[in-house]
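The structure under discussion appears below in the form of structure tokens.
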Amino acid sequence: MCKKNIMKKAIYLVVAVATFYSCSDSDEVDSSKQLLSESFTRVRVDVGSPFGGITFDDISFCDEANGVMGGSSGTIIKTNDGGLTWTSMTGTDATYSSVFMFNPSTVYAGRRDFYKMNENNAMIARGDLGQDIGTINDIHFYTATTGFALKGSTVLKSTDAGNSWGINFEESIYIKGLCYASQNVIYAWGGDTREGLSGAVLFKTTDGGNNWTEMSIQTSEIKAMQFLDKEVGFMVNHNSEFLKTTDGGVTWTMIARVPYAPYHNGGNTSLLYVNEKQIFVTNLDGQLLKSSDGGTNWQSIYEHPEPDGAFTKIIRVNKTLYVAGSYGYLLKNGYLSKI
């Protein structure tokens, strides 16, 4: 239990973020001995431009101070003080659907094209992605030279810091996302929903993308996924079911159904496991949902104030969570105490 005598103002003293299994993993905390406050605070993002109509689609930090956010209308901004201040970067007017910060001087972003930051903080188109159709929905670099991207439903790989890309895997038109369990174990997930029917697809590589295997899975379209290691993972599907695997995705067990708003506009967008008790899910209904008992029961702990507001991504680094969303929303919270 959280100690009640810990002052809530501690929430505001921690400002740090990173993506799951990103460059901040070297700064691990013992999450099994920590609890999170349910109090999230909006971070005002002001770089001299009106962000009221901007949707932040992705966020990535490489350490507690340095991060980047990308979004609609050519919005790409970075911070070097843990989100206290943000600076606009020169780019295009396109939506940046995916961003990744490997270190403070190496930032990647993409939508139709792939971009990399130069020495003048400008996002410059780099590398032939091998196909013209599809949005870049994921970028992840394990080393300074080796990384993956998902463009449309095609998995791409670069071994020269994004200067060139090769097709790594393109066996399904229904791949929607990538999940990195380790540098070698990666899951490609997705599915399709139409005319009242929904089905999932799941592929796995255990050798860094050299070979991929389709996994048999009987569930609706996968909307979000996270693996803690090579064996233990979680997902939320189109039917808003929360499922768990303990054998590397071979079998899945439904834990519970994640509730959604009566004005249901869309599906779940992001999933974050903090510890064996605390799990978070965001959705297009503008809800931030939390389970405090390992996924059995859920409650909405923050709702977007705009009627059509949405939350797109929740991420963690060390002691802080960030939630990005539409209408320029960025939420944060931090640990209050140890168990």
Side-chain angles (χ1 to χ4, degrees), residues 1-6 8 10-11 14 17-21 28-41 179 181 187 189 200 217 219-220 222-262 264 267-304 311-323 325 331-339:
M1 296 174 58
C2 290
K3 298 179 181 178
K4 294 183 179 179
N5 63 338
I6 300 295
K8 289 186 178 180
I11 299 171
V14 186
V17 192
T19 53
F20 170 68
Y21 208 87
E28 287 285 340
V29 297
D30 185 1
S31 60
S32 65
K33 296 182 179 180
Q34 309 249 6
L35 283 177
L36 280 167
S37 162
E38 290 187 0
S39 177
F40 278 75
T41 303
C179 179
Y187 295 85
W189 54 264
I217 182 168
T219 190
S220 62
I222 301 168
K223 292 295 187 178
M225 177 178 287
Q226 181 182 358
F227 267 77
L228 309 183
D229 52 39
K230 297 177 182 180
E231 301 297 329
V232 180
F234 302 88
M235 74 161 79
V236 180
N237 63 17
H238 171 77
N239 293 334
S240 209
E241 296 166 332
F242 178 70
L243 299 97
K244 178 180 181 179
T245 180
T246 57
D247 55 14
V250 177
T251 59
W252 293 84
T253 301
M254 191 182 95
I255 306 299
R257 191 180 299 272
V258 181
Y260 48 74
H264 188 48
N268 301 296
T269 56
S270 186
L271 166 68
L272 179 68
Y273 175 99
V274 175
N275 55 40
E276 70 276 5
K277 292 184 178 180
Q278 297 190 96
I279 305 166
F280 294 83
V281 168
T282 61
N283 64 30
L284 293 177
D285 297 324
Q287 291 180 307
L288 172 60
L289 298 126
K290 177 186 177 182
S291 172
S292 299
D293 58 8
T296 301
N297 296 286
W298 295 82
Q299 62 175 330
S300 177
I301 62 170
Y302 196 104
E303 297 199 6
H304 203 296
F311 289 123
T312 56
K313 191 75 173 285
I314 180 169
I315 60 174
R316 171 195 176 196
V317 62
N318 201 5
K319 298 181 179 181
T320 303
L321 304 186
Y322 271 42
V323 183
L331 308 178
K332 70 171 182 178
N333 98 334
Y335 288 103
L336 288 180
S337 65
K338 292 184 178 181
I339 296 175

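Quantities reported herein were computed from a predicted structural model and do not represent experimental measurements.
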Applying side chain to side chain contact (heavy atoms under 4.5 Å, CB included) to T245 and not counting sequence neighbours gives F227, D247, W252
Under the side chain to side chain contact (heavy atoms under 4.5 Å, CB included) test, which residues partner A224, sequence neighbours left out? L271
For the residue pair T296 and S291, establish whether any side-chain heavy-atom pair is separated by less than 4.5 Å. no
Carefully, step by step, assess Y322 and V317 under the rule side-chain contact (heavy atoms from CB on, under 4.5 Å). CA-CA 9 Å; Y322 271 42; V317 62; over 6 Å; no
Residues passing the side chain to side chain contact (heavy atoms under 4.5 Å, CB included) test with S300, sequence neighbours excluded, are Q287, L289, E303
From CD1 (I217) to OG1 (T251), nearest 0.5 Å: 10.0 Å
Report the distance from atom OG1 of T246 to atom CG of D229, rounding to the nearest 0.5 Å. 10.0 Å
For G295 and A256, which heavy atoms make the closest approach, and how far apart are they? O-CB, 3.2 Å
Closest heavy-atom contact between W189 and I222? CZ3-O, 3.2 Å
Which distance, rounded to the nearest 0.5 Å, do you find between the OG1 of T282 and the NE2 of H304? 11.5 Å
Can you name the residues that form a side chain to side chain contact (heavy atoms under 4.5 Å, CB included) with T312, not counting sequence neighbours? T55, D57, A324
Is there a side-chain contact (heavy atoms from CB on, under 4.5 Å) between V236 and N283? Walk through the geometry before answering. CA-CA 11 Å; V236 180; N283 64 30; over 6 Å; no
Listed once per pair and sorted, the salt bridge (Lys or Arg N to Asp or Glu O under 4.0 Å) pairs that draw on residues 231-241, sequence neighbours left out: E241-R257
If you round to the nearest 0.5 Å, how far is CZ of F280 from CG of L272? 7.5 Å
Quick check for you: to the nearest 0.5 Å, what is the distance between N333 atom CG and I301 atom CD1? 7.0 Å
Please give me the minimum heavy-atom distance between Q278 and K290, naming the atom from each residue. OE1-NZ, 2.8 Å
For S270, the side chain to side chain donor-acceptor pair (under 3.5 Å) test, sequence neighbours excluded, returns none
Value for CG (L321) from CZ (R316), rounded to nearest 0.5 Å, stands at 7.5 Å
Is there a side-chain contact (heavy atoms from CB on, under 4.5 Å) between I279 and F242 once you walk through the steps? CA-CA 10 Å; I279 305 166; F242 178 70; 3.6 Å; yes
